[in-house]
Amino acid sequence: MNQFAPPPSGVTFSQRVRTSARQLAELGDDSISGLIDLTSLRLVRFATTLTRNQHDAEDAVQATLVKIAAHPKRLHQCTDPWAYLLRMVRNESMLIMRRRPRWSLIGDVCDLLTRCRVDELEREESYREIWRAMRKLPTQQSEVVVLKIWEEMTFAEIAGVLDISPSTAASRYRYAIAKLNCQLREALSQPHEDLQQHV
């Protein structure tokens, strides 16, 4: 199957990760590139909400993928390989944050947006405003927003990744969306789709 072909209709991202984990278990670390291609951008986006720095986020993802490559069958043995990867990246991000000096915690989440394609440049300022607003949220809220909106996880799934209750995940999400809507209304000059529709 062509790795650039769209996935079959109805196949969720979580199911694609499970398939990739099975291939990794069967073929060993020679097939790690498929998992990297599938997950790395999403994992870096999630890690950046924690580290507030693109380079540290990439380091956290790399450390995670190195551990997976060293034990290729471990991921396949999980109940939910995608949630397991997210937890691993979260743990690596926390380790990086504890090791670095306090003054370097101020990072620029917006550097994620410097890699956008030419056809996306017209939306760049909107993306920058969203990420600026995300940086103002407490980490506990921003990580829930990323998992809910971009990863399309349920509150139960988010609770499993973050080791909190589903009701805590839901309340953090509601608080975060309210804050984001308030900040973005002020920051963006032209009307944009209200984030509240995702609640």
Side-chain angles (χ1 to χ4, degrees), residues 1-100 109 111-112 115-117 139-140 142-170 172-173 198:
M1 180 176 160
N2 182 349
Q3 66 177 0
F4 300 108
S9 179
V11 176
T12 66
F13 185 78
S14 187
Q15 291 168 328
R16 292 171 63 199
V17 174
R18 182 180 304 283
T19 299
S20 185
R22 186 185 68 244
Q23 292 170 345
L24 184 61
E26 292 170 356
L27 304 174
D29 63 0
D30 289 340
S31 65
I32 191 77
S33 63
L35 182 68
I36 292 170
D37 291 344
L38 180 62
T39 63
S40 61
L41 288 176
R42 289 173 180 242
L43 291 173
V44 168
R45 178 174 58 205
F46 177 59
T48 304
T49 66
L50 302 165
T51 64
R52 309 291 172 142
N53 180 284
Q54 172 95 16
H55 302 294
D56 287 341
E58 289 171 354
D59 288 346
V61 171
Q62 181 177 356
T64 298
L65 292 171
V66 165
K67 288 181 179 179
I68 293 295
H71 303 282
K73 294 186 180 180
R74 184 179 295 168
L75 189 62
H76 179 56
Q77 294 166 348
C78 299
T79 305
D80 186 346
W82 179 229
Y84 184 76
L85 271 175
L86 289 166
R87 277 193 300 274
M88 286 184 73
V89 166
R90 187 172 192 259
N91 292 340
E92 291 295 333
S93 297
M94 298 299 190
L95 284 173
I96 287 170
M97 289 173 61
R98 280 195 291 267
R99 285 194 302 251
R100 70 184 179 191
V109 173
D111 60 4
L112 274 177
R115 298 180 179 187
C116 61
R117 296 181 181 132
T139 301
Q140 292 178 332
S142 62
E143 64 185 354
V144 172
V145 170
V146 168
L147 294 175
K148 179 70 176 163
I149 293 179
W150 281 284
E151 297 308 325
E152 300 178 346
M153 297 178 90
T154 65
F155 291 124
E157 291 168 333
I158 293 169
V161 170
L162 303 181
D163 198 24
I164 57 177
S165 72
S167 61
T168 299
R172 287 180 185 177
Y173 178 75
H198 296 289

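Throughout, residue positions are numbered sequentially from 1 according to the sequence presented.
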* **Any pair counted as ring-ring contact (aromatic ring centres under 6.0 Å, His included), so long as it reaches residues 19-51, sequence neighbours left out** => none
* How far apart are the C-alpha atoms of Val11 and Thr19, what are their side-chain angles, what is the distance that settles it, and do they pass the side-chain contact (heavy atoms from CB on, under 4.5 Å) test? -> CA-CA 11 Å; Val11 176; Thr19 299; over 6 Å; no
* To do: Please list all pairs passing the salt bridge (charged side-chain N to carboxylate O under 4.0 Å, His left out) test where one or both residues lie in residues 72-83, with sequence neighbours left out.
  => none
* Asked: Taking only residues two or more places apart in sequence or in another chain, which ones pass salt bridge (Lys or Arg N to Asp or Glu O under 4.0 Å) with Arg87?
  -> none
* Structure fact -> To the nearest 0.5 Å, atom CG of Asn91 lies from atom CD1 of Ile96 at 11.5 Å
* Asked: Is atom CD of Gln62 surrounded by more than 12 heavy atoms (other residues, nucleotides or ligands) closer than 6.0 Å?
  -> no
* side chain to side chain contact (heavy atoms under 4.5 Å, CB included) with Trp82: which of Leu75, Val161, Leu38, Leu43? -> Leu43
* Asked: Would you find a donor on one side and an acceptor on the other, under 3.5 Å apart, between the side chain of Ser93 and the backbone of Val89?
  -> yes
* Indicate the atoms forming the closest heavy-atom contact of Ala169 with Val144, along with that distance. => O-CG1, 3.5 Å
* For Ala57, which residues count as a side chain to side chain contact (heavy atoms under 4.5 Å, CB included) partner, sequence neighbours excluded? -> Val44, Ala47, Thr48, Thr51
* Could you pull out all residues at least two apart from Arg18 that satisfy side-chain hydrogen bond (donor to acceptor under 3.5 Å, both in side chains)? => none
* Asked: From Lys148 NZ over to Glu151 CD, what is the distance, rounded to the nearest 0.5 angstrom?
  -> 12.5 Å
* To do: Heavy atoms only: give me the nearest His76-Ala25 pair and the separation to one decimal.
  => CB-CB, 3.6 Å
* How long is the span from the CG atom in Asp163 to the CD1 atom in Ile158, to the nearest 0.5 Å? -> 14.0 Å
* To do: Report the residues that fulfil side-chain hydrogen bond (donor to acceptor under 3.5 Å, both in side chains) with Ser40, sequence neighbours left out, ordered by chain and then residue number.
  => none
* **Interatomic distance, Arg90 atom CZ to Leu95 atom CG [nearest 0.5 angstrom]** => 12.0 Å
* Those residues that, when tested against Glu157, pass salt bridge (Lys or Arg N to Asp or Glu O under 4.0 Å) (two or more places apart) -> none
* Asked: Who are the side-chain hydrogen bond (donor to acceptor under 3.5 Å, both in side chains) partners of Gln15, not counting sequence neighbours?
  -> Thr12
* So Arg172 and Ile164, side-chain contact (heavy atoms from CB on, under 4.5 Å) or not? Walk me through it. -> CA-CA 11 Å; Arg172 287 180 185 177; Ile164 57 177; 3.7 Å; yes
* Asked: Taking only residues two or more places apart in sequence or in another chain, which ones pass ring-ring contact (aromatic ring centres under 6.0 Å, His included) with Phe155?
  -> Tyr173
* Kindly write out the residues that satisfy side-chain hydrogen bond (donor to acceptor under 3.5 Å, both in side chains) with Lys67, not counting sequence neighbours, or none if the list is empty. => Glu92
* **Least distance between heavy atoms, Thr49 atom then Arg52 atom** => O-NE, 3.2 Å
* Nearest 0.5 Å, what's the CD1-CE distance between Ile68 and Met88? -> 4.0 Å
* Asked: So, for Arg42 and Trp150, which heavy atoms are closest and what is the spacing to 0.1 Å?
  -> NH1-O, 4.0 Å
* **Least distance between heavy atoms, Ile32 atom then Leu65 atom** => CD1-O, 4.3 Å
* Sequence neighbours excluded, which residues qualify as salt bridge (Lys or Arg N to Asp or Glu O under 4.0 Å) partners of Glu26? -> Arg22
* Might you point out which heavy atoms bring Met153 and Leu86 nearest each other, and give the distance in Å? => SD-CD1, 3.7 Å
